[in-house]
Amino acid sequence: MKAPRLNRKLLLESSVRTADGAGGYLETWVALGSVWAEVTARSGSERNVAGLPVSRVGYRIVVRGTPEGSSMRPSPDQRFAEGTRRFVIRAVAERDLRGQYLICFADEEVAV
């Protein structure tokens, strides 16, 4: 298996919920740190949300492996950011037996 080309710097973000004072909550995103990644588009689709077309593209994002429990290990409740782009992580799996790299399956949704 070839080593991935980790040539894109992404910001790993985690959501934080805070009470809004009216019985609900506000969701904000906090940066955990930067990771280098190989980003590959997989498939795409378009659908209507509230009458507006929304384009969705799936990505395979490979990053260096980090130990279980590390705050820098991506998980499905997090996302990657690159400028104004956001990649919502759907699943994470080890790419190799030694856990040297992780594969993150993510989606990017863009209103057209």
Side-chain angles (χ1 to χ4, degrees):
M1 190 180 318
K2 283 180 20 177
R5 290 190 59 212
L6 306 178
N7 59 357
R8 290 178 63 179
K9 190 175 184 179
L10 303 178
L11 191 62
L12 180 61
E13 298 180 331
S14 184
S15 68
V16 175
R17 290 182 176 184
T18 54
D20 67 0
Y25 64 88
L26 298 172
E27 184 177 63
T28 57
W29 290 88
V30 176
L32 300 177
S34 297
V35 295
W36 286 95
E38 176 184 77
V39 180
T40 308
R42 295 175 58 227
S43 63
S45 63
E46 185 177 305
R47 60 191 171 104
N48 283 318
V49 176
L52 298 172
V54 174
S55 171
R56 189 188 80 144
V57 178
Y59 286 89
R60 180 178 171 268
I61 301 174
V62 178
V63 297
R64 290 193 193 286
T66 51
E68 291 279 342
S70 168
S71 64
M72 287 304 294
R73 184 181 177 99
S75 65
D77 56 342
Q78 298 174 333
R79 70 183 186 184
F80 292 113
E82 182 182 39
T84 59
R85 300 176 73 182
R86 301 294 179 261
F87 303 95
V88 179
I89 301 170
R90 302 293 180 203
V92 179
E94 292 181 348
R95 181 177 179 260
D96 54 88
L97 293 175
R98 296 185 325 186
Q100 214 171 0
Y101 297 100
L102 300 173
I103 299 174
C104 302
F105 297 95
D107 290 330
E108 178 185 30
E109 291 188 355
V110 180
V112 181

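Since the model is a prediction, treat every value here as computed from it, not as a measurement.
To the nearest 0.5 Å, the span separating OG on S34 from CD on E82 amounts to 11.0 Å. The distance from the CG atom of D20 to the CG atom of L26 is 5.0 Å, given to the nearest 0.5 Å. Distance NZ/K2 to CD/E38: 8.5 Å, rounded to 0.5 Å. Rounded to the nearest 0.5 Å, atoms CZ (R56) and OG (S43) are 6.5 Å apart.
In terms of heavy atoms, L32 sits closest to S14 at CD1-CB, 3.8 Å. Listed here is the closest heavy atom pair of P74 and V92: O-CG2, 3.6 Å. When every heavy atom of V63 is checked against every heavy atom of L6, the shortest pair comes out as CA-CD2, 4.5 Å. Nearest approach of V62 to P4, heavy atoms of both residues: CG1-CG, 3.7 Å. Between G58 and D107 the shortest heavy-atom distance is CA-OD1, 3.5 Å. Residues L12 and S71 come closest through the heavy atom pair CD2-O, 4.1 Å.
For CZ of R64, the number of neighbouring non-hydrogen atoms (other residues, nucleotides, ligands) closer than 6.0 Å is 12 at most. For R90, the CZ atom sits in a packed shell: over 12 heavy atoms of surrounding residues, nucleotides or ligands are nearer than 6.0 Å.
Salt-bridge annotation for R85 and E13: absent, with no side-chain N of the basic residue lying under 4.0 Å from a carboxylate O of the acidic one.
In this structure a side-chain-to-backbone donor-acceptor pair under 3.5 Å is missing from E108 to V57. R73 contributes a side-chain N or O that, together with a main-chain N or O of T66, makes up a donor-acceptor pair within less than 3.5 Å. Distance alone, capped at 3.5 Å, places no donor-acceptor pair between the R79 side chain and the P76 backbone.
K9 has its side chain within reach of W36: a pair of non-hydrogen atoms, C-beta onward, lies under 4.5 Å apart.
Under the 4.5 Å side-chain contact rule for hydrophobic residues, L11 and W29 do not share a cluster. Hydrophobic clustering of Ile, Leu, Val, Met, Phe, Trp and Tyr side chains at less than 4.5 Å, counting indirect connections, unites L102 with Y59.
In this structure, Y101 has no ring-ring contact (aromatic ring centres under 6.0 Å, His included) partners at least two apart in sequence or on a different chain.
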